[in-house]
Engineer: 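Supplied in structure tokens, the structure appears directly below.
This structure is a prediction, so every number in the text was calculated from the model and none was measured.
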Amino acid sequence: MALKITVIGTGYLGATHAAAMAELGFEVLGLDVVPEKIEMLQRGEVPMYEPGLEELLRRHVAGIEGSSGRLRFTTSYEEAGAFGDVHFICVNTPQKHGEYACDMSYVESAFDALAPHLTRPALVVGKSTVPVGSAARLAERLAAAAPAGAAVELAWNPEFLREGFAVQDTLHPDRIVVGVAGERGEELLREVYATPLAEGSPFIVMDYPTSELVKTSANSFLATKISFINAMAEVCEAADGDVVKLAEAIGHDERIGKKYLRAGIGFGGGCLPKDLRAFMARAGELGADQALTFLREIDSINMRRRGHMVELTREALGGGGFLGKRVAVLGATFKPDSDDVRDSPALNVAGQIHLQGGQVTVYDPKGMENARRVFPTLSYAETALEAVRGADVVLHLTEWREFRELDPAVLGDVVAERRILDGRNALDAALWRKAGWTYRALGRPSA
Ligand code: UGA
């Protein structure tokens, strides 16, 4: 009989995982403690913008015409416990308030709520990003609280999906990492991932702590790559070099690689920044803090980008204050093809300028609603053209395709001054300059 799967927590990770499991042919029950989220999902609506996810969901949610009916949702742990052979824990692990460490309370409540309902053999699979050592601790807790006792196993199976590519990354993972304590966990996960395994996705089996570390070290490496190129951007600015050319040239060395070397206002989002910090905090607890002190520098290079963007804007406006100046901001999300504004560099820059007296108007193709919620005091425009109307300077802060396709001549007709700062090194400098704009980007010569 085919395995029955539950997915606990239906945020970016869980909603995508649940739909993907149904696509792979399993009967799936998704659980969330927020009833409104469950109601939306039951209607086949996704609570966030993620390309392709709504279509995938609608293909499987029970009750939707033409769907496979393999995907259902609930708020009941009792129902989840009775239903599942494999339970994926996909709740979030944000940064603790006022601390670097990771807030494990959602993970712990998910385990505590599920365990008493595990009355028959089952595999619980952690997907959330957790500090190393959590899985071993949670396995003990599970064994003690589950009525089925030793027949309930735990595996750790970190997730590497990128927002904006969540569906693709989940259905066709570039690797499947599993941390296990016994053979049954590995066997069941091979069954769950039979389709991607047949497509050739590598399946890498290890112990719990290594699997937890794989995730945090992967994100730390990615963050390091971005901060490296941003540090080079700082040097390029001081030396009149061009960081875009530099990245292209070093990227030809296969050991370095071209990807993830886009200099700009740096990384944000719900993962990289908090994962770095939680990793440092955990290393400190383990007495290995020296090994990760470099991550402090990675974090500060990154945070410096935002302040630097504000200063470049001030300079572009003549070096005085922002008072009475009109600043148009294109982009609010932490990256394109997402509506996520968590720790968004773009919104941070917009906010800083606003707090210093600038009149900031923001436009983003998908992030307006979330941005308004986080920063209700900024002005928002319905289109890019409206945002730049009367602007003394335009800031390009999230590299949406829509912004690359803007016509500089059309925008030039409505701004007060043709000045643009490209915080993502993604616009065609020659095109903007040809249309009479002063174009400046981070880490590149000014003319
Ligand atoms: C990141 C990782 O890429 C995923 O592998 C991981 O699974 C995920 O975190 C997670 O831990 O859940 P994501 O946060 O969706 O995924 O976003 P990325 O595409 O990695 O971008 C992160 C930030 O870095 C964005 O703000 C982006 O603008 C910035 N970035 C990225 C750069 O500034 N330069 C680059 O070259 C690449």
Side-chain angles (χ1 to χ4, degrees), residues 230 233-234 237 263-269 273 300-336 340-400 402-403 406 408 411-412 414-427 432 437-444 446:
N230 281 331
E234 285 185 20
E237 270 178 41
I265 54 171
F267 59 81
S300 58
I301 292 170
N302 189 54
M303 296 310 283
R304 206 151 70 216
R305 304 308 286 161
R306 304 172 182 192
H308 183 54
M309 189 71 209
V310 175
E311 287 322 306
L312 277 186
T313 310
R314 190 196 309 283
E315 231 173 76
L317 289 168
F322 285 112
L323 221 55
K325 299 291 184 188
R326 300 173 75 143
V327 180
V329 168
L330 301 181
T333 53
F334 84 105
K335 69 176 202 180
D340 197 344
V341 301
R342 284 178 296 171
D343 201 0
S344 164
L347 208 52
N348 180 298
V349 168
Q352 285 193 50
I353 296 175
H354 165 74
L355 292 171
Q356 292 180 42
Q359 289 178 39
V360 180
T361 306
V362 179
Y363 166 73
D364 187 278
K366 296 285 178 198
M368 302 282 272
E369 213 178 296
N370 287 339
R372 264 202 195 97
R373 211 169 301 141
V374 176
F375 235 118
T377 51
L378 293 173
S379 298
Y380 293 91
E382 289 306 312
T383 61
L385 193 67
E386 281 317 303
V388 307
R389 196 174 290 282
D392 298 303
V393 63
V394 177
L395 310 185
H396 174 244
L397 301 184
T398 313
E399 67 278 36
W400 286 92
E402 178 180 330
F403 299 148
L406 288 171
L411 263 62
V414 303
V415 292
E417 297 288 342
R418 294 185 178 199
R419 285 190 199 115
I420 185 156
L421 300 182
D422 186 357
R424 291 294 183 181
N425 273 311
L427 300 175
W432 287 80
W437 288 73
T438 310
Y439 169 95
R440 188 156 179 206
L442 300 183
R444 304 190 83 178
S446 35

Engineer: With side-chain contact (heavy atoms from CB on, under 4.5 Å) as the test, pick out the partner of Val360 among Leu395, Leu355, Thr377, Ile353.
Structural biologist: Ile353
Engineer: State, with a plain yes or no, whether a side-chain heavy atom of Trp400 is found less than 4.5 Å away from one of Thr333.
Structural biologist: yes
Engineer: Go through the structure and list residues passing salt bridge (Lys or Arg N to Asp or Glu O under 4.0 Å) with Glu399, not counting sequence neighbours.
Structural biologist: Arg262, Arg424
Engineer: Go through the structure and list residues passing side chain to side chain contact (heavy atoms under 4.5 Å, CB included) with Glu315, not counting sequence neighbours.
Structural biologist: Leu312, Arg440
Engineer: Which heavy atom of Val341 sits nearest to which heavy atom of Gly367, and what is that distance?
Structural biologist: CG1-O, 4.0 Å
Engineer: Nearest heavy-atom pair of Arg342 and Phe334: which atoms, and what distance?
Structural biologist: O-CB, 4.0 Å
Engineer: I need the minimum non-hydrogen distance between Phe403 and Ala384, along with the two atoms involved.
Structural biologist: CE2-CB, 4.3 Å
Engineer: Are the side chains of Leu411 and Leu385 in touch, meaning some heavy atoms are under 4.5 Å apart?
Structural biologist: yes
Engineer: Is any side-chain heavy atom of Met368 closer than 4.5 Å to one of Tyr363?
Structural biologist: yes
Engineer: For the residue pair Gly423 and Met309, what are the closest heavy atoms and their distance?
Structural biologist: CA-SD, 3.9 Å
Engineer: To the closest 0.5 Å, what do you measure between CD (Gln352) and CG (Leu347)?
Structural biologist: 11.0 Å
Engineer: Are Leu442 and Glu237 close enough that some pair of their side-chain heavy atoms sits under 4.5 Å apart?
Structural biologist: yes
Engineer: Counting only N and O atoms by type, is there a donor-acceptor contact under 3.5 Å from the side chain of Asp422 to the main-chain atoms of Asn425?
Structural biologist: yes
Engineer: Is there side-chain contact between Asp340 and Asn370, with at least one heavy-atom pair below 4.5 Å?
Structural biologist: no
Engineer: Give a yes or no on whether the backbone of Gly268 and the side-chain of Asp343 come within a donor-acceptor separation of less than 3.5 Å.
Structural biologist: no
Engineer: Could you state the interatomic distance from CD1 (Ile301) to NE2 (His308), rounded to the nearest 0.5 Å?
Structural biologist: 13.0 Å
Engineer: Please report the interatomic distance CG(Asp364) to CG(Leu397), rounded to the nearest 0.5 Å.
Structural biologist: 10.0 Å
Engineer: Thinking salt bridges, do Glu369 and Arg372 make one under a 4.0 Å N-O criterion?
Structural biologist: no
Engineer: Which heavy atom of Ala350 sits nearest a heavy atom of Leu378, and at what distance?
Structural biologist: O-CD2, 3.9 Å
Engineer: Do any N or O atoms from the side chain of Ser344 and from the backbone of Ala332 form a donor-acceptor pair under 3.5 angstrom?
Structural biologist: yes
Engineer: Testing Thr398, Val349, Val362 for side-chain contact (heavy atoms from CB on, under 4.5 Å) with Val329, which one passes?
Structural biologist: Val362
Engineer: Which pair of non-hydrogen atoms, one from Arg444 and one from Tyr439, has the smallest distance, and what is that distance?
Structural biologist: NH1-OH, 4.4 Å
Engineer: Return yes if some donor-acceptor pair links the side-chain N/O of Trp432 with the main-chain N/O of Leu427 below 3.5 Å, else return no.
Structural biologist: no
Engineer: Could you tell me the separation between the CG atom of Leu330 and the CD atom of Glu402, rounded to the nearest 0.5 Å?
Structural biologist: 9.0 Å
Engineer: Could you give me the CA-CA distance, side-chain angles and deciding distance for Arg305 and Asn302, then say whether side-chain hydrogen bond (donor to acceptor under 3.5 Å, both in side chains) is met?
Structural biologist: CA-CA 5 Å; Arg305 304 308 286 161; Asn302 189 54; over 6 Å; no
Engineer: If you measure only the distance, is there a donor-acceptor pair under 3.5 Å linking the side chains of Asn230 and Glu234?
Structural biologist: no
